[in-house]
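Encoded as structure tokens, the structure appears first; notes follow it.
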Amino acid sequence: MQQEQRSSSDRPLDPGCLLECDAERSADRLGCAVVDFPVAVVLPAGGCGERMGLPTPKQFCTILNRPLISYTIQSFERLSWIGTVVVVIAKENHDLMLNIVQKFNHTKVKVVHGGTTRHRSIFNGLQAFSNTTESTLPMPKPKVVIIHDAVRPFVEEDLLLKITLAAKEQGASGAIRPLVSTVIATTSEGYLDHSLERAKYRASEMPQGFLYDIIFQAYQRCSEFDFDFGTECLHLALQYCGTSAKLVEGPPTLWKVTYKRDLAAAEAIIKETLSTSACIIAGAEAEAVELAKTLQKNLNMMETDVIPCGKESNAEYLSKTRNFIHISTTGSNFLGVLDMVKRFEDTDHARLYPVVIVWVQLNMTKQSADSQRTDELTVFRSLASEVLQGNVLLYGIQIDHSKVPEQWERSVERLTQITVALIRDRNAALTGQLLHA
Ligand SMILES: Nc1ccn([C@@H]2O[C@H](COP(=O)(O)OP(=O)(O)OP(=O)(O)O)[C@@H](O)[C@H]2O)c(=O)n1
Ligand SMILES: O=C(CO)[C@H](O)[C@H](O)COP(=O)(O)O
């Protein structure tokens, strides 16, 4: 997927939904201050993903061990000013969806069954706010409802705020993007009829926001043809309620996962976002501290902190990053790493995103005997496979200390490259390997 060139200062938080950082928490506080009315979300997820061509509907395809739909849900759920998130799914996926809600601890989700088309699914979702069944009470009707395709996982809070506030003021609002291709009309024989002036048109994307009463009424009034062939909620609000939507330009990451290549693009975006920072933990030995500082200098494309061993369990560092580089000179002593893994289990830190730990073993003496290295590898592998169950990716890199400056520099350069590759790729198949820099 193409990324726009931007300077770091105006770079959007895309995909901002991924990591809850300090900036996001303050944006959320801002959201709470300005959104003083009830807001709910409907996520249509009842399609079968025909264009994806996979047996599993695309919303349930996994990226880094987590279904796509869970990323989308989390984009909304993390915002305190957003209430219920209604997820509309096909009846046969009910249990699958409940398992996802439970496994990823989605606390605001209400599951509703969909219809044969997207519009029918959305209307079912909206009706959940007014329907009473024998077993459930109706949910309180929101002032504004945001409608968002479940297969658009990256939604930033600032856009959601703009859409929500514009919907409250105007009755309807929607995200748009510039067209990447010109739209043309064809004749029935397959020839060019005419083309549209591209600069005048925009691609309609999601999220879209509505005063609940307006979109509900629009669906009540629309035709069977609209239900079966319509693709635009904003159009229904205009045609059936006379409400003209305020349009808001969104970032490129709003695109809809539609084809197989889009899954790869979504995975690349998530991995890129997870790789922007790291915490380097150095043992007490001077050589370990020196190596940590050199590594920090080399990893200039990431935001890094160097901290002494023992501090890595601090909530401050845990919440900042999903990447830890643990440097020790003490042979097969995994104590620091074990302590960190324990902390991840206690804090649920790795539930949503895999955490990477690169254990760097700095060899100060000549190579140990073959039998000792085999023992080390066995222990390391079994620890790595154990922690993998908890979504922690544990890799090892050995580096021999050298007093020859050029040799040492080359080794540290290799260490840097391997570390970056492991963090960026987050490849589960390479966990438990003791690589050599
Ligand atoms: N009967 C339907 C059809 C679609 N959707 C949802 O609407 C969103 C956007 O639709 P689209 O990308 O077209 O999804 P699919 O219909 O699944 O894909 P395809 O058209 O390739 O079959 C998706 O989250 C999809 O699950 C829905 O809730 N109910
Ligand atoms: O982007 C849209 C905004 O209204 C589409 O209408 C919506 O995503 C529908 O998807 P599809 O055409 O795949 O059913």
Side-chain angles (χ1 to χ4, degrees), residues 41-61 67-73 75-76 85-94 96-97 100 109-128 145-155 159 163 167 172-181 183 201-210 215 218-219 222 224-239 243 245-263 265-266:
V41 180
V42 171
L43 298 179
C48 59
E50 200 181 325
R51 285 170 285 180
M52 182 68 71
L54 295 173
T56 306
K58 56 194 175 184
Q59 56 274 30
F60 300 117
C61 289
L68 186 66
I69 192 165
S70 169
Y71 290 91
T72 316
I73 292 171
S75 303
F76 292 93
V85 178
V86 171
V87 179
V88 192
I89 47 120
K91 204 172 173 186
E92 64 267 25
N93 294 320
H94 188 90
L96 173 61
M97 191 63 225
I100 293 169
V109 167
K110 167 131 176 70
V111 177
V112 164
H113 293 164
T116 48
T117 65
R118 179 170 170 273
H119 271 325
R120 292 188 192 281
S121 291
I122 293 171
F123 192 33
N124 284 3
L126 293 171
Q127 283 172 313
V145 61
I146 299 172
I147 300 176
H148 186 77
D149 293 326
V151 289
R152 298 177 192 257
F154 309 122
V155 212
L159 178 71
I163 292 285
S173 65
I176 50 166
R177 289 283 306 152
L179 288 176
V180 284
S181 302
V183 178
Y201 294 86
R202 294 287 178 273
S204 173
E205 310 277 349
M206 295 255 132
Q208 294 176 350
F210 302 88
I215 191 66
Y219 272 107
C222 78
E224 288 301 305
F225 186 87
D226 288 314
F227 268 123
D228 286 337
F229 301 105
T231 57
E232 184 53 78
C233 308
L234 299 180
H235 167 78
L236 299 183
L238 180 61
Q239 179 159 354
T243 301
K246 170 79 181 147
L247 303 175
V248 181
E249 179 143 345
T253 40
L254 279 184
W255 101 116
K256 180 158 64 87
V257 171
T258 305
Y259 300 101
K260 261 187 214 157
R261 60 171 183 263
D262 294 322
L263 278 179

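As the structure lists them, so they are numbered: ligands from 1, and atoms in each ligand from 1. If you're wondering where the values come from, they're calculated on a predicted model, not measured in any experiment. Below, all heavy atoms of this structure are taken into account, side chains as well, without hydrogens, waters or symmetry copies. One-based numbering along the sequence shown.
- Using a 4.0 Å cut-off between heavy atoms, Thr231 contacts ligand 2 through both its backbone and its side chain.
- Below 4.0 Å from some heavy atom of Thr116 lie the following atoms of ligand 1, by number and element: 1 (N).
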Hey, mind stepping through Gln127 and Val112 against side chain to side chain contact (heavy atoms under 4.5 Å, CB included) and telling me if it holds?
CA-CA 9 Å; Gln127 283 172 313; Val112 164; over 6 Å; no

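- With a 4.0 Å heavy-atom cut-off, ligand 1 is reached by no atom of Ile89.
- What sits closest to atom 28 (O) of ligand 1 on the protein, heavy atoms only, is Gly46 N, 2.7 Å.
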Between Leu247 and Leu234, is a side chain to side chain contact (heavy atoms under 4.5 Å, CB included) present by the stated rule, with each step listed?
CA-CA 10 Å; Leu247 303 175; Leu234 299 180; 4.0 Å; yes

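- A ring pair (Phe, Tyr, Trp, His ring centres under 6.0 Å) with His148 is found for one member of Phe154, Phe210, Phe76 and no other, namely Phe76.
- Residue contacts with ligand 2 for Arg51 involve side-chain atoms from C-beta outward but no N, CA, C or O (heavy atoms, distance under 4.0 Å).
- Look at Ser204 and you'll find a heavy atom under 4.0 Å from some atom of ligand 2.
- Distances below 4.0 Å separate heavy atoms of Val151 from the following atoms of ligand 1: 23 (C), 24 (O).
- Of the listed residues (Gly47, Gly125, Gly115), the one carrying the non-hydrogen atom nearest atom 1 (N) of ligand 1 is Gly115.
- Between Glu205 and ligand 2, not a single N/O pair is under 3.5 Å apart.
- Counting the atoms of ligand 2 from 1 in the order shown, those under 4.0 Å from a heavy atom of Lys256 are 8 (O), 10 (O), 11 (P), 13 (O).
- Residue Lys256 touches ligand 1 through its side chain alone, judged by heavy-atom distances below 4.0 Å.
- Nearest non-hydrogen protein atom to atom 10 (O) of ligand 1 is Arg118 CD, 3.9 Å.
- Taking the six-membered ring where tryptophan is involved, the planes of Tyr219 and His119 are perpendicular, since the angle between them exceeds 60° and thus also 30°.
- For Pro57, the closest heavy-atom approach to ligand 1 does not fall below 4.0 Å.
- For Glu50, the CD atom is loosely surrounded, since the number of other residues' heavy atoms within 6.0 Å does not exceed 12.
- Only the side chain of Arg152 comes within contact range of ligand 2, with a heavy atom under 4.0 Å; no backbone atom does.
- For Thr117, the heavy-atom gap to ligand 1 drops under 4.0 angstrom.
- In this structure, the protein non-hydrogen atom closest to atom 24 (O) of ligand 1 is Pro44 O, 2.8 Å.
- Of all atoms in ligand 1, numbered sequentially from 1 with element shown, those under 4.0 Å from a heavy atom of Ser121 are 1 (N), 2 (C), 27 (C), 28 (O), 29 (N).
- If you number the atoms of ligand 1 from 1 as listed, the ones under 4.0 Å from a heavy atom of Ala150 come out as 24 (O).
- In summary, the atoms of ligand 2 found under 4.0 Å from a heavy atom of Gln208, numbered by their order in the structure, are 3 (C), 4 (O).
- The closest approach between a heavy atom of Lys58 and any atom of ligand 1 is below 4.0 Å.
- When side chains are defined from C-beta on, Val151 counts as touching Leu68, because their heavy atoms get closer than 4.5 Å.
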